[in-house]
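Taking it in order: structure first as structure tokens, then the write-up.
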Amino acid sequence: MPEYRPQSIEQKWQERWRSGRAFEVTEDPGKPKFYCLEMFAYPSGHAHVGHVRNYMIGDVVARMKRMRGFNVLHPFGWDAFGLPAENAAIKNGTHPETWTLENIAHMKGQLQRLGISYAWEREIATCLPEYYKWNQWIFLKMLERDLAYRKRSSVNWCPSCNTVLANEQVVNGGCWRCGTTVTTRELEQWFFRITQYADELLDDMTQLGEWPDKVLTMQSNWVGRSQGARVTFALESNAGRALPPPQQRASGSDAIEVFTTRIDTIYGATFIVLAPEHPLVQRFAGESPDPAAFRAKVAKFTSQDRSARLTGEVEKEGFDTGRRAINPFTNEPVPIWVANFVLMEYGTGAVMGVPGHDQRDFEFARKYGLPITIVVQPDGETLSAETMTEAKPGAGRLVASGEFSGLDWEEGNRRMTEAARQRGIGHGTVQYRLKDWGISRQRYWGTPIPVVYCETHGLVGVPYDQLPVELPKIAAFSGRGDSPLAQIPEFVNTTCPECGGPARRETDTMDTFVDSSWYFFRFCDPRNADLPFDPEHVGYWGPVDFYSGGVEHAILHLIYSRFFTRVFRDLGMTHLSEPFARLLTQGMVLKSGQVMSKSKGNVVDPDDMIQKYGADALRLYVMFVAPPEKEIEWTDAGLEGSFRFLARVWRLADSLCDTIGGHGIPAPSAVALNDEERALRRKTHQTIKRVTIDLDPRVHLNTAVSAMMELVNELYAFCSHTRCGPVSEDSDNVGVVERPATIAVLKEAVEALVRMLSPFAPHMAEELWESLGHRDGITAAGWPEYDETVAKAEEIVVPVQINGKVRARITVPADTPEDDLRTMVLADAQVRSHLDGRAVQKIMVAPNGRLVSIVVQHG
RNA sequence: GCCGGGGUGGCGGAACUGGCAGACGCAUCGGACUUAAAAUCCGAAGUCCCCACAAGGGACGUGCGGGUUCGAUUCCCGCCCCCGGCACCA
């Protein structure tokens with residue numbers, strides 16, 4: 001008997017799949033489609049087992065769906081633009097393109113050695129002009145529809161390297177290369193107007209029933225919708241005059257507009273706080289008695305570390321501007337302060353301070369001696385402004401709120417919003433945390449933004465027929481100066497498409513998240529030279545039915561992809577709004593409790609494991625050790641266990657293939673079976689049922705493997721009794737199985753097992769399938785079917801509880817009627833000894849006769 | 001602080017809708033085979049207690065404390081801890 005030697009088998013089948021184009025697909029209206037996708041890879045160099053876990057999970061699903069008759073699209077590609085390539089160029093002098101393409105070649109080899117069933121002919125790499133051309137195309141469409149626009153925004157700047165830094169190049173506030181403290185600079189940058197879709201992105205999450213709750217929550221936090229109102233506080237100098245009409249007032253500087261979610265507390269608003277960057281602050285400074293001192297106080301706040309201010313690590317501080325505004329509900333003047341905790345980026349950059357009902361305002365008021373007024377009294381409490389030690393946010397009844405006093409706070413909120421609207425001093429509104437997506441990167445290795453700046457025509461999009469704007473080759477990377485592209489005159493200097501006059505190219509490139517926001521559509525039509533994709537192809541394959549990847553992409557990538565899908569929809573290129581029907585976020589692979597990384601030196605290279613145990617054992621181990629969503633701790637012993645299991649299956653099938661591989665073996669349903677044969681057949685069908693459901697729809701890959709292990713254990717026991725198969729070798733008289741019924745049930749069991757195992761261990765399964773006498777490959781063999789009546793147990797063991805404790809077990813035929821069951825239980829000797837003569841108060845049978853429960857008097 | 005997920009043997013993990021807790025595997029121990037070992041095959045095993053031992057029996061046991069129920073890992077209430085997200089967001 002040949003030993004299980006995975007290496008030669010795996011090479012053999014990988015070569016056959018490749019030459020037979022086994023996983024390439026075309027559209028087939030006669031078959032249901034299934035689009036199975038794993039997040040494509042960043043070609044960082046060598047993939048470790050943590051990276052490839054995701055691909056193995058997807059491959060099990062793809063292979064299983066193929067066997068179940070689906071037309072499966074399972075493509076792969078490379079998220080090939082990005083900073084590490086550029087960093088490598090700066091450090092080692094390798095060109096980003098060379099570095100990237102070499103990494104792709106290596107990682108592709110690793111994936112092929114794992115036997116992942118990709119349609120490699122559809123492979124894409126985002127760094128190729130044939131791909132990024134379409135990023136530019138999409139950008140121009142967005143520009144036309146006012147979904148792309150320019151505005152000033154700040155970037156990280158290293159004053160020593162004299163260059164812009166990406167967020168990930170800022171380490172603890174310093175430059176990644178020289179450690180110099182990073183400052184910020186204002187630059188004109190490009191934005192995508194994702195906020196236009198904020199409501200839709202939030203509301204449509206109800207359609208994402210097959211996404212993890214975790215991801216939905218994260219996205220919903222990210223969009224951060226809050227319902228509230230904008231209210232205008234007039235400046236005191238204008239208090240005597242009648243207010244001008246609202247449209248003039250909103251833009252005028254004689255009033256302050258605040259955003260609040262609790263307009264019902266406005267009678268308790270005893271001060272106003274402006275962000276240091278608020279436009280009125282500069283005016284107040286100019287009008288103040290000592291403008292220099294005023295500005296110095298403002299500058300103290302604006303110079304505070306940006307991120308620290310945003311995260312609230314800086315102590316709350318403020319100062320009184322000396323100016324006052326009129327609370328439009330109380331008509332009382334309130335002081336206007338400036339403080340570092342108010343952010344210009346959110347809302348209107350001005351807030352009303354309600355210290356009685358907002359903890360932050362409370363602390364601020366106590367610190368600076370500002371008045372506190374209670375305007376909401378919670379049920380069963382009487383608050384007092386003098387004695388309270390913290391603010392009381394939340395529910396209650398309005399007090400000291402004029403005509404609104406006595407109302408419940410929610411009702412008050414509605415009425416006061418309406419009152420503000422009627423009086424022209426405010427309106428209900430919705431505020432989002434989500435901001436427009438800044439896509440400009442002052443980097444080389446990305447998609448050039450297809451825009452030129454003409455001296456006479458200003459900003460002009462590059463015409464579609466001139467796409468792509470190709471990245472020029474750069475000889476050397478210094479990591480200094482402006483955008484690398486700005487340093488190449490041949491690139492920068494161009495002509496205006498409108499007038500032919502001199503023009504300057506945009507030198508920023510796009511955020512690489514643009515590349516990944518639509519690649520799943522490109523896979524449907526990867527070589528299209530006229531469009532990003534043909535709507536017909538996406539119409540057939542879309543949406544992605546099963547998408548898996550790391551939870552680190554829960555927000556950005558997944559929300560940008562949802563945004564892009566809606567943009568394509570509005571361009572008439574797809575009917576879809578949601579790109580991914582089902583999402584699985586796979587857990588990480590840890591080694592000694594830590595994430596694998598090159599710097600920690602704890603990476604496990606799949607190639608090493610393949611060499612030692614084979615790709616099949618590696619795949620099986622990773623699937624078996626935990627559910628796909630959970631993180632796993634790598635152990636060599638576990639991998640060895642999986643190898644042992646595969647070798648056990650190998651010995652079983654190999655030793656039986658002469659017996660069960662022949663022709664003319666009857667179907668198990670056509671012959672009379674003895675008890676043992678019937679039991680094996682039942683186990684076979686039970687296993688098929690469990691594995692089928694565990695894989696689809698549940699994707700509980702670990703329990704599917706357990707079920708197959710149980711079947712193998714049962715098969716070994718069966719062989720041991722019938723003296724055949726792998727256990728016959730040891731014995732003196734090798735058992736030759738002659739009973740056709742035995743052969744029939746063995747054949748059914750082994751063939752079902754091999755087929756079910758094939759998504760996990762495809763090479764071995766193909767090899768065994770072939771040695772069992774099949775020619776057409778295991779995918780064509782289809783998924784085994786189970787017969788519910790065969791799977792059903794004939795006899796069941798019914799536990800008997802007496803006062804909640806299991807005291808006996810009786811074996812009865814399945815489907816014993818409840819009444820009979822009661823009688824049998826009460827007649828059972830064991831039960832009677834436990835009853836000990838006590839009277840039965842109650843006896844009940846669990847649904848399907850799974851358990852009998854008796855209640856007796858204690859005694 | 002708000003939101004989401006979780007806490008089960010020595011370890012990874014099972015348990016579909018409230019019905020035998022610990023499937024399957026790892027590690028461990030024992031037996032068979034072997035001159036021996038490895039490999040393989042077969043078997044044991046939650047904890048504690050009773051019994052000289054075994055057979056057998058009992059108590060306890062799914063983070064903690066209560067509750068509902070004939071019956072709770074599962075449902076409800078109140079806590080503790082761990083992981084993840086958001087957060088001076090008005």
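Chain A is the first sequence line, chain B the second, and so forth, proteins listed ahead of strands; every chain is numbered from 1.
Side-chain atoms of A:N327 do not come within 3.5 Å of backbone N or O of A:V334 as any donor-acceptor pair.
As a whole-Å value, the separation of A:N848 CG from B:rG71 P is 21 Å. Between the NE2 atom of A:H700 and the P atom of B:rA14 there is a distance of 8 Å, given to the nearest Å. One atom, CE of A:M844, and another, C1' of B:rG18, lie 13 Å apart when rounded to the nearest Å. Note: CG (A:D213) to C1' (B:rC83) measures 16 Å, nearest angstrom.
With respect to A:D203 and A:R225, a salt bridge is recorded, a charged nitrogen being found less than 4.0 Å from a carboxylate O. In summary, A:D636 and A:K612 do not engage in a salt bridge, as defined by a charged side-chain N under 4.0 Å from a carboxylate O. One finds no salt bridge joining A:D654 and A:R651 here, because no Lys/Arg side-chain nitrogen approaches an Asp/Glu carboxylate oxygen to under 4.0 Å.
The two residues A:I796 and A:A793 come nearest to each other via the heavy atoms CG2-CB, 4.1 Å.
In this structure, A:H357 reaches neither bases nor backbone, as no heavy-atom distance under 4.0 Å exists between it and the strands shown. A:P627 comes within 4.0 angstrom of sugar-phosphate atoms only, judged by non-hydrogen atoms across all strands, and of no base.
Judged as a salt bridge (charged side-chain N to carboxylate O under 4.0 Å, His left out), the pairs with a partner in residues 683-708 of chain A (not counting sequence neighbours) are, in order, A:K65-A:D696, A:R68-A:D696, A:K683-A:E710, A:K689-A:E788, A:R690-A:E710, A:D694-A:R698.
Checking B:rC89, B:rG19, B:rG85 against the side-chain heavy atoms of A:R433 singles out B:rC89 as nearest. Checking B:rG19, B:rG4, B:rA90 against the side-chain heavy atoms of A:K214 singles out B:rG4 as nearest.
Look at the P atom in both B:rG46 and B:rC11: the space between them is 14 Å, to the nearest Å. Look at the P atom in both B:rG61 and B:rU73: the space between them is 10 Å, to the nearest Å. Spacing of P atoms, B:rG1 relative to B:rC75, comes out at 25 Å, to the nearest Å. The gap from the P atom of B:rA45 to that of B:rC24 amounts to 12 Å, rounded to the nearest Å.
Annotation for A:K297: atom NZ counts as buried by contact number, over 12 foreign heavy atoms lying within 6.0 Å.
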Every protein N/O lying under 3.5 Å from an N/O of nucleotides 20-22 of chain B:
| residue | atom | partner | partner atom | Å |
| --- | --- | --- | --- | --- |
| B:rC20 | O2 | A:R809 | NE | 2.7 |
| B:rC20 | O2 | A:R809 | NH2 | 2.8 |

Under 3.5 Å, which N/O atoms of the protein pair with N/O atoms of nucleotides 43-50 of chain B?
none

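The salt bridge (charged side-chain N to carboxylate O under 4.0 Å, His left out) search around A:K367 returns A:E315, not counting sequence neighbours.
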Practice prompt. Run the numbers on A:R809 and A:Q830 for side chain to side chain donor-acceptor pair (under 3.5 Å), then give the verdict.
Written response: CA-CA 9 Å; A:R809 294 185 169 84; A:Q830 183 96 40; over 6 Å; no

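Between A:W437 and A:Y560, the two ring planes are parallel [angle under 30°; tilted spans 30° to 60°].
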Practice prompt. Could you summarise the pairing of RNA chain B as dot-bracket text, marking Watson-Crick and G-U pairs under 3.5 Å with ( ) or [ ] inside the strand and | across strands?
Written response: (((((((..(((......[....))).(((((.......))))).(((((.....)))))..(((((..]....))))))))))))....

Practice prompt. Let me have a per-nucleotide readout for nucleotides 23-30 of chain B, 5' to 3', with B, S or -, counting only protein heavy atoms under 4.0 Å.
Written response: BBSSS---

